[in-house]
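Below you'll find the structure, written out as structure tokens, and then a few comments.
So you know, we letter chains A, B, ... as the sequences are listed, proteins then strands, and number each from 1. If you're wondering where the values come from, they're calculated on a predicted model, not measured in any experiment.
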Protein chains: 2
Amino acid sequence: MPVPKTAVAKRDAEVTRKNILEAATIEFSEKGFAGARVDLIASRSGANKNMLYHYFGNKEALFTAVLENAYGGLRARQRAVKLGGLSPEDALHELGSATFDAFVEMPHLIRLLNSENLLNGVHAKQSDLINEMYDPLFAALSTVLEDGVKAGCFRPGIDPTNLYISMASLVYHYVSNHATLEIIVKRDLMSDENLRARKAHVLEMILRFCTSKSSLAS
Amino acid sequence: MPVPKTAVAKRDAEVTRKNILEAATIEFSEKGFAGARVDLIASRSGANKNMLYHYFGNKEALFTAVLENAYGGLRARQRAVKLGGLSPEDALHELGSATFDAFVEMPHLIRLLNSENLLNGVHAKQSDLINEMYDPLFAALSTVLEDGVKAGCFRPGIDPTNLYISMASLVYHYVSNHATLEIIVKRDLMSDENLRARKAHVLEMILRFCTSKSSLAS
DNA sequence: TGCATTTCTAACCAGTTAGTTGGATTGGTT
DNA sequence: AACCAATCCAACTAACTGGTTAGAAATGCA
């Protein structure tokens, strides 16, 4: 008879695994893959280095686990966005708003993704989870665009792929590169006030792009 | 009497320095700061490790030199853009187009900047060159926006800082994260065709943002 | 030519790194 | 109570890392 685990907090494989994963997330996102130190992850997790290798195999596999876990957090947030019943404009606004908030609140994911891109995406390519993660989102965005064209509020011919990349770019780059951007723009980009202004700017850019009907000169 | 150097290709301090800097640019941009190996830089430059330390001091100072050098390349490109005589719309288009092309053609700079941001911009902060590099560009962009408002083709109230960050974001993120983006969008983002489409998309987004006059719902 | 300086080289070093080993402790099962 | 697998730990290792040293060869100048 399977007795429910009473988790006396000592000698709990699941907790140990989770602790290692959390410590690894911090270390990898702060230092990147090459800069991260396995010894530090082990000691900060409260566990031993052998536990780390026992549960995850090696440094690369641990990084993949961290990446999938963090990416999963993003997916969970995006799934929570409900577009049903909204007008195409409101739906687009909602999607943009959720994307903005998600990246601002997950700077560690941004740093992990940067690390992964430095490695040309070798780990992400092997992950089925990541491969299929965005399919529902693109489907939803395509529907919103189509509905908007039918309703007459969006212009036709907008590529959902480029639109999504733009939505992500406008917040991702701002957060990811704020350290060097702050030097050249002389402004504290991550202050509440400037973040609010940035969000308004981004949403306006996305919505004006889809709604403006006039043809462009040049 | 200073005899003009005849550069017999052997025992030339300047050439050696340049070779080390180039090898370092490749190594740092491919592997990041922590992942880059000083031994590899030395051997690939054809010089000796002691030369590297003689000319640059240590790994960090070498990285700073690489970063400044690469950043300088971007500045040179931007300076070459002539906006005089163009209409505000054409000037904005030209600025956007030059920014797009510059980042697409300098992927190593993007990778170096990502590395630097992982380190929270410690090296860039200390560089006077980088600190002042963008001042002329922001001045030019502000003028273009003001002229456009006066001429009636741009709406008022656009923040030049956020607009420049957006211009950069829309291409930077696309290039920087193409490895992981390609996985989720299932498309070869760096093909000539898709790059052309991306550029058109970005320029349209920037121009529509500045020119569209209608107020936005919500 | 003689001599100091610059450019260069190879071998070396101390500290660090990812990953391993062998064994101790614990908790559930019978 | 006795066993066994799962969980945990400290100490170890072989390879690698950024950085140094001592001295050789080329160069410029008197």
Output the rounded distance in Å from [atom1] ([X]) to [atom2] ([N]).
{"X": "B:F63", "N": "D:dG19", "atom1": "CZ", "atom2": "C1'", "result": "19 Å"}
{"X": "A:F56", "N": "C:dA18", "atom1": "CZ", "atom2": "C1'", "result": "16 Å"}
{"X": "A:N48", "N": "C:dG19", "atom1": "CG", "atom2": "C1'", "result": "12 Å"}
{"X": "A:N58", "N": "C:dT17", "atom1": "CG", "atom2": "P", "result": "17 Å"}
{"X": "B:R17", "N": "C:dC8", "atom1": "CZ", "atom2": "P", "result": "13 Å"}
{"X": "A:L52", "N": "D:dT7", "atom1": "CG", "atom2": "P", "result": "15 Å"}
{"X": "A:I41", "N": "C:dT17", "atom1": "CD1", "atom2": "P", "result": "12 Å"}
{"X": "B:K49", "N": "D:dA22", "atom1": "NZ", "atom2": "P", "result": "16 Å"}

Report task. Quick one: label B:A34 by what it contacts on the DNA or RNA (base, sugar-phosphate, nothing), any heavy atom closer than 4.0 Å. Result ->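 Counting heavy atoms under 4.0 Å across all strands, no contact is made by B:A34.
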Report task. Please work out if A:A36 contacts a base, only the sugar-phosphate, or nothing of the nucleic acid, heavy-atom cut-off 4.0 Å. Result ->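 Sugar-phosphate: the residue A:A36, judged by heavy atoms under 4.0 Å, touches backbone atoms but no base.
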Query raised in the report: Under 3.5 Å, is there an N or O donor on one side and an acceptor on the other linking the side chain of A:K59 and the base of C:dG19?
Result: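 Such a pair does not exist between side chain and base.
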Query raised in the report: In terms of ring plane angle, is the pair B:F33 and B:F28 parallel, tilted or perpendicular, where the classes change at 30° and 60°?
Result: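 B:F33 and B:F28: parallel rings.
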Report task. For A:N50 and for A:G35, find the nucleotide of DNA chain C with the closest heavy atom, then tell me which residue's nucleotide is more 5'. Result ->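 So the residue in question is A:G35.
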Query - Intermediate values then yes/no, salt bridge (Lys or Arg N to Asp or Glu O under 4.0 Å), A:R187 and A:E182 - result: CA-CA 5 Å; A:R187 195 186 278 184; A:E182 274 167 358; over 6 Å; no
Query raised in the report: Quick one: ring-ring contact (aromatic ring centres under 6.0 Å, His included) partners of B:H201, sequence neighbours excluded?
Result: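 Scan of B:H201 (ring-ring contact (aromatic ring centres under 6.0 Å, His included), adjacent residues dropped) gives A:F209.
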Are any of [X]'s side-chain N or O atoms less than 4.0 Å away from OP1 or OP2 of [N]?
{"X": "A:Y55", "N": "D:dC8", "result": "yes"}
{"X": "B:R37", "N": "D:dC16", "result": "no"}
{"X": "A:T16", "N": "D:dT7", "result": "no"}

Identify each donor-acceptor pair in which a side-chain atom of residues 66-81 of chain B lies under 3.5 Å from a protein atom, sequence neighbours left out, and give them as a table.
| from | atom 1 | to | atom 2 | distance (Å) |
| --- | --- | --- | --- | --- |
| B:E68 | OE2 | B:S127 | OG | 2.6 |
| B:R77 | NH1 | B:E105 | OE1 | 2.6 |
| B:R77 | NH2 | B:E105 | OE1 | 3.3 |

Query raised in the report: Counting only heavy atoms not in B:H108, do more than 12 fall under 6.0 Å of its NE2?
Result: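 More than 12 heavy atoms, drawn from other residues, nucleotides or ligands, come within 6.0 Å of this atom.
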**Report entry** Of A:H54 and B:G57, the one whose closest DNA chain D nucleotide lies more 5'
**Finding:**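 That would be A:H54.
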